[in-house]
> 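One structure, as structure tokens, below. Some questions next.
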Protein chains: 2
Amino acid sequence: MSKNAVRIKDIAAKANVSVGTVDRVLHNRGRVAEDVRQKVLLMMQELEYEPNMIARTLGSNRTYQLAAVQPSHTLDPYWQAPWEGINKAARELQQYGVTLRVYPYDMSRVDSFREQMELATQAQPDGIVIAPLFYRESLPFFERWQHAKIPYVLFNTYITEINPLSYVGQDSYQSGFLAGKLLQFGQTQPGTYLIAHIAEDIANSVHVTQKEQGFRDYFAQLPASQTAGITVRSIDLPYPTEPAFAGRLTGLLAQNQPVRGIFVSTSRAYAIAPYLQPYAAAIRLVGYDLLEENIHYLQEGTIDFLINQNPKEQGYYGLYALADQLIFKKEVPPLKYLPLDIIAKENLHYYVEK
Amino acid sequence: MSKNAVRIKDIAAKANVSVGTVDRVLHNRGRVAEDVRQKVLLMMQELEYEPNMIARTLGSNRTYQLAAVQPSHTLDPYWQAPWEGINKAARELQQYGVTLRVYPYDMSRVDSFREQMELATQAQPDGIVIAPLFYRESLPFFERWQHAKIPYVLFNTYITEINPLSYVGQDSYQSGFLAGKLLQFGQTQPGTYLIAHIAEDIANSVHVTQKEQGFRDYFAQLPASQTAGITVRSIDLPYPTEPAFAGRLTGLLAQNQPVRGIFVSTSRAYAIAPYLQPYAAAIRLVGYDLLEENIHYLQEGTIDFLINQNPKEQGYYGLYALADQLIFKKEVPPLKYLPLDIIAKENLHYYVEK
DNA sequence: TTGTACGCGTTATCAA
DNA sequence: TTGATAACGCGTACAA
């Protein structure tokens with residue numbers, strides 16, 4: 001052991017009290033005379049006491065029930081990754097007495113969300129990680145948790161006006177900005193750049209709005225010499241399976257001013273890719289996330305870049321934020337932005353491996 | 001605690017022996033009858049015993065002296081990051097009894113390398129992480145370590161023909177390939193693409209050779225329609241401070257066939273950037289690593305992309321590989337490629353923050 | 001308000 | 001070749 005490990009016992013000796021007393025001031029359990037308290041506190045500072053977390057978790061038989069609320073990973077492929085990240089963290093934290101319960105909801109049904117949130121709340125966990133895709137429906141639960149002093153961590157979707165322990169995720173605005181660069185970079189011809197929202201309820205999704213803002217701001221900040229003849233448009237598309245989808249899309253592509261690039265604001269770039277194949281490299285396509293379908297079109301060349309939001313890491317660090325707070329008593333940053341990885345065909349395999 | 005945690009005591013009871021005996025078979029300490037040994041082993045399997053690492057490290061007062069050998073972070077800015085990563089890991093591992101000693105060498109002096117390697121070896125550490133920039137001079141030490149059964153982990157620079165516990169770093173070939181894409185992407189005009197080696201002893205550096213190979217292969221795999229009129233050349237430049245440097249470089253830029261892009265094979269893109277400023281965006285520049293000088297030119301626009309080799313993570317995971325082997329008895333993958341992050345002005349701030 | 005003693009799961013020592 | 005038993009540092013009843 002690091003030779004100079006200061007123990008609770010050392011403080012007790014130096015302060016002429018018992019280890020029980022030191023323990024009480026250490027955890028503010030009360031029942032200790034003020035003057036004694038001060039003396040112990042002083043000794044702790046002098047000796048630079050650092051609690052031994054190993055011994056602490058071994059000694060206390062405390063367990064921590066953590067809850068995770070996210071869209072079902074069996075219903076939507078994107079949510080597989082966060083689910084894995086959360087479970088990976090849970091396995092690592094098992095030896096610290098952590099048990100995890102996941103509450104998956106159907107992201108196409110608000111009532112499913114509310115139902116799972118209610119279940120998670122009823123279980124009275126010691127902490128909650130949540131991807132709050134439904135804005136309005138989330139708020140009342142946050143209030144209840146705040147009142148019950150249950151720490152909760154947001155991931156994937158940021159919601160202002162509330163005070164989570166932490167938010168773990170990507171900076172949507174910056175990712176939109178970056179998408180703009182990837183579409184326009186090296187292109188000199190005039191034409192149209194599209195941002196496509198596929199089956200999104202934009203009004204209820206801060207997320208997508210921020211991406212669009214970033215995307216538009218990229219073009220706005222370009223020098224005038226480069227923006228001449230360039231149009232930026234946003235389009236709303238229905239679910240890819242709807243009959244209207246194909247018609248709407250091909251209509252857009254057949255317009256007078258040629259389309260130079262399309263930025264898909266969600267992970268559904270694969271739905272657009274087949275329609276771009278006839279245009280070969282003439283229309284750039286940038287989207288999000290390493291779904292199997294996206295990977296396919298990236299390798300094939302129709303999708304030029306994918307922006308990876310590190311979904312697995314989002315889940316992983318989300319749960320760890322709770323552990324840092326509850327178990328390790330570390331300071332938890334209120335905001336943890338994960339890097340936006342730019343993935344091209346050539347560096348793809350690094351990401352699919354892990 | 002996970003209620004059904006099987007303890008050494010449970011095995012002892014089920015096998016009708018004492019915990020001492022179980023401990024002996026668990027660690028192959030010998031001094032135990034073969035039939036008893038088999039019985040205990042069987043019980044362990046039946047109960048699916050998983051050792052409690054927390055209790056183990058608390059009980060054993062073992063300490064682990066680890067050594068790190070890398071170029072001095074005060075002499076070359078690149079090595080600041082790995083140094084930080086190693087130290088971060090060391091801090092986290094402190095409570096597991098890990099102490100770290102760093103042996104920095106002057107990367108411009110072979111004798112300094114040999115000297116520090118000798119010191120590290122003399123200290124008889126329990127494990128070593130090393131960035132072996134000097135190929136030939138490393139080999140004899142690896143042999144000594146192998147003989148002394150000291151596990152060692154390579155990072156940053158891969159050396160074949162030896163058997164380290166693990167290599168942590170980037171895939172040089174792929175990064176060269178990727179650099180090719182970033183230079184050529186979206187460019188249609190004919191011209192020259194350069195790969196510049198600045199003050200590199202290429203013969204003794206597998207590293208750089210692999211980068212060049214990847215770079216050339218990128219252009220080789222392009223469809224013929226895109227490679228017409230394209231030349232790929234490699235150039236060796238002296239130290240940026242040498243008088244010959246500027247002359248050589250400006251001579252290259254003034255040639256008949258216009259230069260479309262330059263790929264700098266090391267972290268010294270900043271040395272070339274000033275000479276490209278007159279050409280504005282006409283010549284793309286791609287390099288490695290987030291050094292302060294590189295960041296400056298990236299923000300300013302002269303450098304288009306930087307490939308980040310995750311140097312901090314290299315150090316961090318390098319040390320952790322040793323800990324996983326020695327302390328946590330986890331399986332250590334022989335190869336851990338870190339992602340090649342593509343960094344543009346727009347996503348820069350994620351990387352400088354962390 | 002304070003101190004004592006035992007338990008957490010494992011390692012390590014020493015006696016049998 | 002075995003089995004008790006005291007550490008490891010801390011939490012926590014319970015007694016004083």
> Would you find more than 12 non-hydrogen atoms of other residues, nucleotides or ligands less than 6.0 Å from A:E48 atom CD?
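Atom CD in A:E48 is not packed in, count stays at 12 or less.
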> Just wondering, more than 12 heavy atoms not from B:E92 lying within 6.0 Å of its CD?
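Yes, because the 6.0 Å sphere around CD of B:E92 holds more than 12 heavy atoms from other groups.
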> Salt bridge or not between B:D126 and B:R62? Use side-chain N to carboxylate O under 4.0 Å.
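Answer for the salt bridge query: yes.
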> Let me know the distance between CD1 of A:I11 and C1' of D:dC10, rounded to the nearest Å.
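Computing the A:I11:CD1 to D:dC10:C1' distance gives 12 Å.
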> Does NZ or CZ of B:K336 come closer than 6.0 Å to the centre of the six-membered ring of B:Y167, within 45° of the ring's axis?
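No, a cation-pi geometry is absent between B:K336 and B:Y167.
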> Provide, to the nearest angstrom, the distance between the CD atom belonging to A:E34 and the P atom belonging to C:dT2.
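Roughly 11 Å, once rounded to whole Å.
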> Among the nucleotides C:dG9, D:dT2, C:dG3, which one has an atom lying closest to any side-chain atom of A:L58?
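Output: C:dG9.
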> Starting at the 5' end of DNA chain C and moving along, which residue's nearest nucleotide shows up first, A:S18 or B:R7?
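Nearest-nucleotide comparison on DNA chain C picks A:S18.
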> If we count only N and O atoms by modelled type, under 3.5 Å, do the side chains of B:T121 and B:W145 hold a donor and an acceptor together?
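Yes.
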> If a protein heavy atom is under 4.0 Å from the base, mark B; if only from the sugar-phosphate, S; if neither, -; do that for nucleotides 11-16 of chain C going 5' to 3'.
SS----
> Please check if atom NE2 in A:H27 has more than 12 non-hydrogen atoms from other residues, nucleotides or ligands closer than 6.0 Å.
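Atom NE2 in A:H27 is crowded, with more than 12 foreign heavy atoms closer than 6.0 Å.
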> Without decimals, in angstroms, what is the distance between B:L47 CG and C:dG9 C1'?
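Computing the B:L47:CG to C:dG9:C1' distance gives 15 Å.
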> Check whether any side-chain nitrogen or oxygen of A:T21 sits under 4.0 Å from OP1 or OP2 of C:dT2, and answer yes or no.
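No, outside the criterion.
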> Rounded to whole angstrom units, what separation is found between the NZ atom of A:K39 and the C1' atom of C:dT2?
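Between C1' of C:dT2 and NZ of A:K39: 12 Å.
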> Would you mind telling me which of C:dT2, D:dT2, D:dG9 lies closest to the side-chain atoms of A:N52?
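Nearest nucleotide to the side chain: D:dG9.
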